[in-house]
Structures are given as C-alpha cells and as structure tokens.
Amino acid sequence: MAETIKLTVSRYRPEEESEPTFQTYDVPYNKEWVILDALNYVKDQLDGTLTFRWSCRMGVCGSCGMMVNGTPTLTCAVPLSDYVSSEPIRIEPLQFFPIIRDLVVDMNSFLGKLSSVKPWIIRDDEKPPVEGEYRQTPAELDVYKQFSMCINCMLCYSACPVVGLEPEFTGPAAIALAQRYNLDSRDQGAAERMAVLNEHEGMWGCTFVGECTNVCPKNVDPAGAIQLYKMASATDWFKSVLLPWGSKK
Amino acid sequence: MTKGITPFLWFLFGAGGMISALLFPVHILLIGLAFPLGWLDAPDYESLRSLVIHPITRLYLFVFIFFPLFHWAHRFRYTIYDLFQVKHGAQQPIALLCYGAALLGTIIAAYTLLTIG
Amino acid sequence: MPFWWWLQKRVYFNFILRELTCVFVGVFAVLTLLQIQALANGPDAYAEFINRLRTPGLILFNSVGLAALLLHAVTWFKAVPTTITVRFRETRVPDHVIAGLHYVGWMVVSAVVAWFLWPS
C-alpha cells in the first residue's frame, strides 16, 4: 500500500501567470481521508498559498466542488481510497466558470441564473400571519422534496456541455429549483417562472445529456426536472390553443 | 420564428420518439432484414396492397411517417447545434431546413396515402 | 469548448450516439414512404423496390439501422419515466415500473405488427 499519494493541482495566480498551471504535491495516504482532507493537508503543511473553498466537510454547504480527474466532484464526499489506483489525482476548478484563483471560481453567473427563476414561494395574495401557516401534508411534501435537496454546489453546471456551449443557458440546478417551487402546494408562481424559462436559453437549450443527474451528490435529478418542465410547457401550449378562454393567469 | 411553437415542436418530437421506439424495430427487422434475406416468407404484392389501402392502415402509416419525421427534425436540429457549436445567428436557417424537410415529407406522405388504391 | 468536446467523455459520446439515432428514424420514415409509393405504382415498381432491399448495401444499412433503433428504444424508455411521472396512492410510481410497462407494450405492439405483416 502506498504511503504517499500524488495530487496534481491546478494553480492560477493572476498576479504571476496568465494561464493556469499544474503543481504536484505528495501527501500521506490515509484511508480515512476524503479528497478535501488531502487538500487541507497541502494547505496546512506544504503550501499555504493554495486557495480553495470549503466549509462544512459533510456534503451540506456545497462549497468544495472541484473537477477530480475531469469529473465534477464534491471533494468532501469522496474518499481518497477511491482514487488510489488512478494516481496522480488531478484536481482542477469547476469547468465552464471563470477562475478567480487556484481552485476558486466566480459563481456570479450562477447566482444570477438562480435568482432569475424566483426560487421562493410566490402567492397571489399573502394572508396575514395571524391567520396561521400554510399547511402541507406529507404527500404534498413528497411531490417536490427530491428537488429541494439541492445544495447549489454547481457540479451540474460543470457536468453540462450545454452550459459550456451556451453560457446563457439557465442550467440544471436553477431549473430544478424552479420546479421545486412549482410543485409546492403552497406556491402560485408557476406561470411567472414559465415566462422566464420558456426560452432557448431557458429549458429548451437542454438536450438531456443527463450528466447533471449523474454527478449530483444529493440525487436531485436536474435532468428529470427539466424534462418535467418541457412536459408542463407542452401541456400549457395545448391548453392555450385548445382552450383559449381558459384561465389566463 | 419557431419560438412560440417550440413546446408544440417538442411534443411532435416526443410523440415521434415514442412511435419510432415502439414500431420501427419490428418493421426494420421484418421488411429490412427477415423478408429480403429469406428468413421469413414475404407477403405478396396483392395481399400487402389490400392491407395498405384499408383506411385504418392508411392512418397508421401516416402516423408512422409524420411523427417520426418531426422527431428527426427536432433532434437533428439540436444535434447540429451541439456538434458544430452553432451560434445564435446561424441557428434559424438550420431549424427551418429541418422542420421544412419534415413538413415536405408529411405532405408527400399525406398525398400518397390519400391517392393510393 | 473544444471542437471534439463529445469525444472527451464516454457519457458525452454516448449522448451524441443517442442523438444521431434520429438520422435512422428519419431515413426509415422516408423508406417506408418510398415503399408505399412503389406499392401504389404497381407490381413491377414494387418488385423493383423489393429487389433493391436485397442488395448488400441496404442489408448492411438496415442492420446498422436496427441497432440504432434498438439504442433509441432503450434510451427512450429510460427517459420516459423522468418526463412523465405517475403518482399512485400518494407516492410516485418507481421509474423501473413505468419503463417495464413500456417494454411490455413494445413487445405486444411488435407482435401485433408482425402478425399483420407475416403471411400465415
């Protein structure tokens, strides 16, 4: 069994270099470690200048997503031992995002797309708090629960070639979260979100590659969410043509 | 131009995908391989003709051709976009060519199936 | 994006392969139309069409086309349960049940078509 393991880490220091380069580190091979632990060993013991994001270390905060051997990965959620046979382990920043420094990417484009789909409960009339909460049965929760598990880690954006081809594409996580609110029994904002997403850069750019669903660490199935959205859009289209006098909300 | 009817075009794509998945393999296996290679006896001209001129068969064949043609048009359009990284300005002519070809095929199919017999 | 982006990952390559099955869907729709036209044009035209189907080129094309259509069918039945969700007794019907029903339907429909086409 190897005592050390090699990490080949992408470095980008904009004040020193115009293009990212690779730097290799030898870290102790510890079976209990995840990839993030190895990176933290580098940061603490070998090279304090290495920059990367992390926080919770338990797959909840969604900040430690990186490309590991070319695949978008939540580095706190995968053991080092999974990669021991494919040494050196290549670690790069999430692709299709501008790199700020080393492994840190600029997530502003994602945050803009996320807020564009209005991922919150929209009501036609908000009832006063004294009238109590909006109640929901476990069955009603079950309809959207899967899509609510998203932690905004952006792995799905890095997995999606359509994001690479069409930077304006709203993208998997944002559409899945739009779907999460559409399917919520308390929400009345589906039409507003449809107006945003019924565009080429919205849902129609998606060609169902499906890799977003494969890399999702929380089993959200964004590809499925977009499929449901297309179905809803087609249903809306038939309703508006066949029942033009119907509810025009 | 295709924007307003995109959901409808996607519906045609979906219907055509389902119809071709369910029906095309058995058709290709029999008409394209088993009959020409002599694995099975092929139906003769007269029996096939009397089968095809039946109104229900004509409707079946129209569905068999119309939806899958639009399935091709829609999927091929996006495959071209993805494969050749077609930018916005150049997308419209490709879309028009694809759906236009499918529409032309549909019109020819409708004419053929209405006048046969 | 590099021009050959779809060769860089197995998943992307499989995706392009799946999408390109539509070319065979289109060609077989047209071939069926040509067969109907040959049928409409009388026994001689139809015999010529049938002879052309026996040429090695078309046999090879149909073999590749059958493989493509099988890939299309399998990937299609895998995609349908994510597009159309069915809820029964307050829970979502599992994807494999929906896909399984499609496979059963596929077999039944194929048998019906074969029964009509195959002279007994």
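This one's a predicted model, so the numbers in the text were calculated from it and none came from an experiment. In what follows, chains carry the letters A, B, and so on, assigned in the order in which the sequence lines appear, proteins first and then strands, with residues in each chain numbered from 1.
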Name the member of [options] that forms the most heavy-atom pairs with chain C at distances under 4.5 Å.
options: B:Ala102, B:Gly17, B:Gly32, B:Gly105; answer: B:Gly17
options: B:Asp82, B:Thr57, B:Leu30; answer: B:Asp82
options: B:Leu23, B:Leu69, B:Ile31, B:Val52; answer: B:Ile31

Can you say whether [X] sits under 4.5 Å from chain C via the side chain, the backbone, both, or neither, judging by heavy atoms?
X: B:Ile65; result: both
X: B:Thr112; result: side chain
X: B:Tyr60; result: side chain
X: B:Phe62; result: neither
X: B:Leu61; result: side chain

Counting only heavy atoms closer than 4.5 Å, note whether [X] contacts chain B via side chain, backbone, both or neither.
X: C:Arg52; result: neither
X: C:Trp76; result: side chain
X: C:Thr55; result: neither
X: C:Trp5; result: side chain
X: C:Thr21; result: side chain
X: C:Val80; result: side chain

Comparing C:Glu19, C:Arg54, C:Met107 against chain B, the one with the most heavy-atom pairs below 4.5 Å turns out to be C:Glu19

Short side-chain to backbone donor-acceptor contact, C:Gln37 and B:Ala109, under 3.5 Å: no

Quick one: CZ on B:Arg75 to NE2 on C:His72, what's the gap to the nearest 0.5 Å? 6.5 Å

Rounded to the nearest 0.5 Å, what separates atom CG in C:Leu53 from atom CZ in B:Phe35? 11.0 Å

